[in-house]
Enquirer: 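The structure that follows is given in the form of structure tokens.
For reference, positions follow the sequence shown, starting with 1.
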Amino acid sequence: MSLGANWYRGQRHPIAADDWTEVLMSTGFARPSHFIDAARRSGHPAERLQISVTAPSDVVTLCAVAGEADYYTADVLRSRLIGSLNSAGPLIVVDLSKVTFFGVAGLRVLIDARSWAGHTGRRLRLVTGPRCVDRLLEVAGEVACFERVTSLADAVLNAA
């Protein structure tokens, strides 16, 4: 039994640790979607982030990202994205339209990739769409000033 106060009902008595979920739910501080179950926390980063790198043409290299781009998966993203850029075409398109969570660590990987692309005479273009991606790019401002489009078709068709 934990010694937390049952303040949400105006009572002062210890409540069990299992009751904290009920406390949080009843007070509006948490929602079920914010809880991360133990299986997901313990999952390998490669299971939480899928990356596919293809070359649909000689001009475009496409890196499609799906899942969670966060602190735990940033190394997977970095190794696949930066590692594939040695053989990339003049335009690198990073498709983030299937990303479900986008954290600062994921943004840092994109900034590093943009820097690398700029040093080698390549351009980096992002396909955005999910609110989690757009919001972080907006908050980051000038630091995250990327060429962005909202659809993969626009990114690939306008490769020139």
Side-chain angles (χ1 to χ4, degrees), residues 18 20-22 24-25 27-160:
D18 293 338
W20 279 111
T21 300
E22 179 186 339
L24 291 172
M25 299 300 284
T27 58
F29 287 123
R31 299 283 179 253
S33 62
H34 293 150
F35 288 102
I36 300 174
D37 62 3
R40 187 168 149 206
R41 277 192 308 241
S42 65
H44 190 275
E47 296 170 0
R48 295 174 41 205
L49 184 71
Q50 294 79 42
I51 303 165
S52 170
V53 180
T54 58
S57 73
D58 293 339
V59 178
V60 177
T61 299
L62 173 63
C63 180
V65 181
E68 302 172 2
D70 60 11
Y71 175 80
Y72 296 105
T73 60
D75 288 338
V76 175
L77 178 59
R78 180 176 287 105
S79 67
R80 290 295 311 264
L81 179 58
I82 304 288
S84 68
L85 296 182
N86 288 327
S87 60
L91 175 64
I92 301 145
V93 175
V94 180
D95 182 3
L96 301 171
S97 63
K98 302 288 188 223
V99 169
T100 57
F101 179 84
F102 190 64
V104 173
L107 176 61
R108 182 70 210 162
V109 171
L110 292 180
I111 291 170
D112 292 346
R114 180 187 62 194
S115 176
W116 182 91
H119 289 292
T120 59
R122 294 177 172 101
R123 294 180 314 164
L124 186 70
R125 183 179 293 168
L126 303 182
V127 178
T128 61
R131 180 74 179 128
C132 61
V133 174
D134 290 333
R135 184 175 179 197
L136 185 57
L137 291 174
E138 289 168 11
V139 169
E142 293 292 322
V143 172
C145 187
F146 289 93
E147 183 180 346
R148 299 184 338 190
V149 295
T150 56
S151 77
L152 183 57
D154 290 340
V156 175
L157 292 175
N158 299 324

Enquirer: Is it true that a side-chain atom of Ser57 and a backbone atom of Val60 form a donor plus acceptor pair closer than 3.5 Å?
Expert: yes
Enquirer: Enter the distance from Leu157:CG to Leu152:CG here, rounded to the nearest 0.5 Å.
Expert: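 Spacing of CG (Leu157) from CG (Leu152) equals 8.5 Å.
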Enquirer: Looking at Asp75 and Arg78, is there a salt bridge between them, counting it only when a charged N and a carboxylate O are closer than 4.0 Å?
Expert: yes
Enquirer: State whether the side chain of Ser97 and the backbone N or O of Thr128 hold a donor-acceptor pair below 3.5 Å, judged by distance alone.
Expert: no
Enquirer: For the residue pair Thr100 and Glu68, establish whether any side-chain heavy-atom pair is separated by less than 4.5 Å.
Expert: yes
Enquirer: What's the separation between atom CD in Glu47 and atom OG1 in Thr73, rounded to the nearest 0.5 Å?
Expert: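 Reported value, rounded in 0.5 Å steps: 12.5 Å.
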Enquirer: How long is the straight-line distance from CG of Leu85 back to CH2 of Trp116, given to the nearest 0.5 Å?
Expert: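 That separation rounds to 4.5 Å.
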Enquirer: What side-chain donor-acceptor pairs closer than 3.5 Å can you find for residues 103-112, not counting sequence neighbours?
Expert:
residue : atom : partner : partner atom : Å
Arg108  : NE   : Asp112  : OD1          : 3.3
Arg108  : NH2  : Asp112  : OD1          : 2.9

Enquirer: Look only at the side chain of Arg114 and the backbone of Cys145, and say whether a donor-acceptor pair between them is shorter than 3.5 Å.
Expert: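 Confirmed, Arg114 side chain pairs with Cys145 backbone.
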Enquirer: Taking the side chain as C-beta and beyond, is there a heavy-atom pair between Ile51 and Cys63 under 4.5 Å?
Expert: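 The answer is yes; the side chains approach within 4.5 Å.
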Enquirer: With heavy-atom distances below 4.5 Å as the criterion, would you say the side chains of Leu81 and Val65 are in contact?
Expert: no
Enquirer: Taking atom CG of Asn86 as the centre, does the number of heavy atoms from other residues, nucleotides or ligands within less than 6.0 Å exceed 12?
Expert: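 Yes, the 6.0 Å shell around CG holds more than 12 heavy atoms from other groups.
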Enquirer: Taking side chain as C-beta onward, heavy atoms only, is Leu126 less than 4.5 Å from Leu137?
Expert: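 They are in side-chain contact.
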Enquirer: Look up atom CZ in Phe102 and atom SG in Cys132, then write down how far apart they are to the nearest 0.5 Å.
Expert: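 Answer for the CZ-SG pair, Phe102 versus Cys132, is 8.0 Å.
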Enquirer: With a 4.5 Å cut-off on side-chain heavy atoms, are Asp70 and Arg48 touching?
Expert: yes
Enquirer: Can you give me the closest heavy-atom contact between Leu49 and Ala69, atom names plus distance?
Expert: CD1-N, 4.1 Å
Enquirer: For Arg123 and Pro90, indicate whether the former's side chain and the latter's backbone hold a donor-acceptor pair under 3.5 Å.
Expert: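 No, the answer is negative, given that no donor and acceptor are paired below the 3.5 Å cut-off.
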Enquirer: Counting N and O atoms only, with roles assigned by atom type, does the side chain of Thr61 sit under 3.5 Å from a partner on the main chain of Ile92, one being a donor and the other an acceptor?
Expert: no
